[in-house]
Amino acid sequence: MKAIGLISGGLDSILAARIMKDSGIELIALHTSSPFCLCNKRGSSGCVHSAQKAADDLGIRLININVSREIIDIVKKPKYGYGSNMNPCIDCRILLFKKAKEAMSRENASFVITGEVLGQRPMSQKRDIMKLIDRESGLEGLVLRPLSARVMEPTLAEEKGWIDRNKLLAISGRGRKEQISLARSFGVYDYPCPSGGCLLTDPQFSRRLKDLIKYGNIGLNEVNLLKVGRHFRINDKLKLVVGRNEKENQQLLNLASSPDMLFLPPDDIAGPISLARGQIDNESRDFCCRIVSRYYDNHDSGPVKVVYKYFGDSQGKECIISPAVDKEIQDMKV
């Protein structure tokens with residue numbers, strides 16, 4: 001039999017796939033990537049590399065589908081709401097399972113397997129919620145969860161005898177000792193995302209995302225900008241992002257677009273590159289200069305020079321200004 005195996009790159013999905021492969025099931029791995037699905041929040045390509053490595057180690061083919069646009073639409077207004085931060089886990093799982101159903105049809109597969117563990121995640125892995133997700137995605141009875149199968153109702157794959165239910169596991173709850181022990185028995189030690197990675201569960205990122213939803217339009221560029229630098233909400237129509245290191249300075253340059261304004265340190269001063277996005281007038285521009293110069297190496301020595309220009313301009317203008325003090329900008333931080 002052939003099945004679609006949802007592979008995140010995390011430990012549980014690796015174990016589930018290994019159990020199925022050892023049971024003689026032909027697996028095709030499916031991974032969905034988005035700007036929120038990250039093993040490392042400083043990265044830009046999500047967990048796809050971990051998923052590819054897992055598929056390579058298992059000797060199975062990986063299909064990667066980018067669902068960025070669809071996830072961004074879900075985040076704006078999820079049907080089933082958010083978790084503790086900005087994580088619309090139920091809606092996200094439904095989308096993922098819908099993609100799995102499409103892959104089943106394309107690949108002529110008979111069912112789907114996932115690494116989900118009953119009770120491990122408070123929002124999306126409760127028994128009734130799992131049933132809801134299966135039903136909403138059109139996969140009712142077709143999703144086999146090998147790690148928890150024996151504490152759940154039998155699926156079609158078990159009822160039809162495609163897989164021996166006795167070879168499946170009965171793991172439940174939030175502990176991970178059983179999975180780690182099973183990994184050792186399989187000789188699996190390298191699993192970079194053992195508990196998954198989603199920026200939407202990160203409190204700081206969620207604050208920035210709420211701010212973006214409130215004041216701006218959400219697009220892929222705007223979401224990627226949330227991952228970089230120090231963020232300051234100047235007013236309802238303007239935000240400033242200040243780089244924290246050389247890598248972030250380059251990322252800001254890469255993310256800049258018209259009509260963003262860039263702020264650059266002069267050649268003789270070490271300081272960040274910054275980006276202002278939104279409607280900017282002379283007053284708000286000067287205040288951005290004050291914030292930016294606060295992070296120059298010599299900001300305590302008096303007025304400093306800041307170079308500013310609109311994205312795409314070849315020449316910048318200079319502003320000599322006194323750096324902002326912390327109490328002026330503390331409430332502006334996002």
Side-chain angles (χ1 to χ4, degrees), residues 35-36 41 44 68-69 71-78 82 85-86 88 199-200 202-244 248-265 271-296 299 303-334:
F36 306 116
K41 70 177 66 177
S44 60
S68 295
R69 298 295 179 185
I71 289 292
I72 288 173
D73 288 340
I74 286 173
V75 167
K76 293 177 184 177
K77 192 176 181 181
Y82 302 104
N85 290 291
M86 291 292 286
L199 276 175
L200 295 171
D202 180 88
Q204 182 186 47
F205 184 85
S206 293
R207 286 195 301 271
R208 293 180 176 183
L209 183 57
K210 287 179 182 177
D211 176 82
L212 179 61
I213 291 173
K214 182 177 180 180
Y215 294 113
N217 296 319
I218 304 180
L220 185 58
N221 181 281
E222 286 75 22
V223 168
N224 284 327
L225 186 61
L226 297 181
K227 307 172 194 176
V228 182
R230 303 176 180 90
H231 287 236
F232 298 88
R233 172 56 60 185
I234 307 302
N235 56 48
D236 292 357
K237 298 180 179 180
L238 181 65
K239 182 170 71 172
L240 176 71
V241 184
V242 181
R244 290 175 291 195
E248 289 193 343
N249 288 345
Q250 186 59 53
Q251 288 176 313
L252 288 176
L253 292 175
N254 293 339
L255 290 167
S257 60
S258 181
D260 294 340
M261 180 171 281
L262 294 171
F263 299 85
L264 314 166
I273 289 174
S274 305
L275 180 155
R277 178 163 292 178
Q279 296 182 19
I280 190 164
D281 55 23
N282 291 343
E283 182 180 354
S284 57
R285 179 203 65 205
D286 289 348
F287 192 70
C288 286
C289 287
R290 294 190 64 212
I291 295 176
V292 170
S293 62
R294 157 67 182 82
Y295 295 97
Y296 285 3
H299 70 274
V304 295
K305 183 191 300 182
V306 180
V307 178
Y308 62 89
K309 64 177 183 177
Y310 283 106
F311 174 80
D313 288 353
S314 57
Q315 297 293 325
K317 297 181 179 180
E318 295 181 353
C319 175
I320 306 296
I321 203 159
S322 296
V325 296
D326 288 347
K327 66 180 181 180
E328 290 182 277
I329 61 178
Q330 187 169 357
D331 291 341
M332 294 182 173
K333 291 182 179 179
V334 182

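Just so you know, residue 1 is the first one in the sequence shown, and it goes up from there. Note that this is a predicted model, so its numbers are computed, not measured.
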Result of checking Val334, Leu238, Val242 against Phe232 for side-chain contact (heavy atoms from CB on, under 4.5 Å)
Val242
Applying side chain to side chain donor-acceptor pair (under 3.5 Å), can you list everything that pairs with [X], at least two apart in sequence or on another chain?
| X | result |
| --- | --- |
| Asp211 | Arg233 |
| Arg207 | none |
| Ser206 | none |

Kindly give the heavy-atom pair with the smallest separation between [X] and [Y], and that separation in Å.
| X | Y | result |
| --- | --- | --- |
| Pro78 | Pro88 | CB-CB, 3.5 Å |
| His231 | Gly229 | CD2-O, 3.6 Å |
| Pro203 | Asn85 | CA-OD1, 3.5 Å |

Taking the side chain as every heavy atom from C-beta outward, state whether [X] and [Y] have any pair of such atoms under 4.5 Å apart.
| X | Y | value |
| --- | --- | --- |
| Tyr295 | Arg230 | yes |
| Phe287 | Ile329 | yes |
| Glu248 | Pro272 | no |
| Ile213 | Ile218 | yes |
| Tyr82 | Lys210 | no |
| Tyr296 | Pro265 | yes |

To the nearest 0.5 angstrom, please state how far the [atom1] atom of [X] sits from the [atom2] atom of [Y].
| X | Y | atom1 | atom2 | answer |
| --- | --- | --- | --- | --- |
| Leu225 | Lys239 | CG | NZ | 5.5 Å |
| Leu226 | Asn221 | CG | CG | 10.0 Å |
| Ile234 | Cys288 | CD1 | SG | 4.5 Å |
| Gln279 | Asn235 | CD | CG | 8.5 Å |
| Phe205 | Leu212 | CZ | CG | 8.5 Å |
| Met86 | Arg208 | CE | CZ | 14.5 Å |

Begin from the C-alpha positions of Leu199 and Leu209 and carry the test side-chain contact (heavy atoms from CB on, under 4.5 Å) through to its verdict.
CA-CA 10 Å; Leu199 276 175; Leu209 183 57; over 6 Å; no
Contacts table for residues 252-264: side-chain donor-acceptor under 3.5 angstrom, sequence neighbours left out:
from: Asn254; atom 1: OD1; to: Gln250; atom 2: NE2; distance (Å): 3.1
from: Asn254; atom 1: ND2; to: Gln250; atom 2: O; distance (Å): 3.3
from: Asp260; atom 1: OD1; to: Arg277; atom 2: NE; distance (Å): 3.0
from: Asp260; atom 1: OD2; to: Ser257; atom 2: N; distance (Å): 2.9
from: Asp260; atom 1: OD2; to: Arg277; atom 2: NE; distance (Å): 3.3
from: Asp260; atom 1: OD2; to: Arg277; atom 2: NH2; distance (Å): 2.8

Under 3.5 Å, side-chain donor or acceptor atoms of residues 305-320 against the rest of the protein: list the pairs with distances, not counting sequence neighbours.
from: Tyr308; atom 1: OH; to: Arg285; atom 2: NH1; distance (Å): 3.4
from: Lys309; atom 1: NZ; to: Asp313; atom 2: O; distance (Å): 3.3

Quick one: which residue pairs count as a salt bridge (charged side-chain N to carboxylate O under 4.0 Å, His left out) with a foot in residues 319-334, not counting sequence neighbours?
Arg290-Glu328, Arg294-Asp326
Does a sphere of radius 6.0 Å around CG in Asp281 hold more than 12 heavy atoms from other residues, nucleotides or ligands, not counting ones at 6.0 Å or beyond?
yes
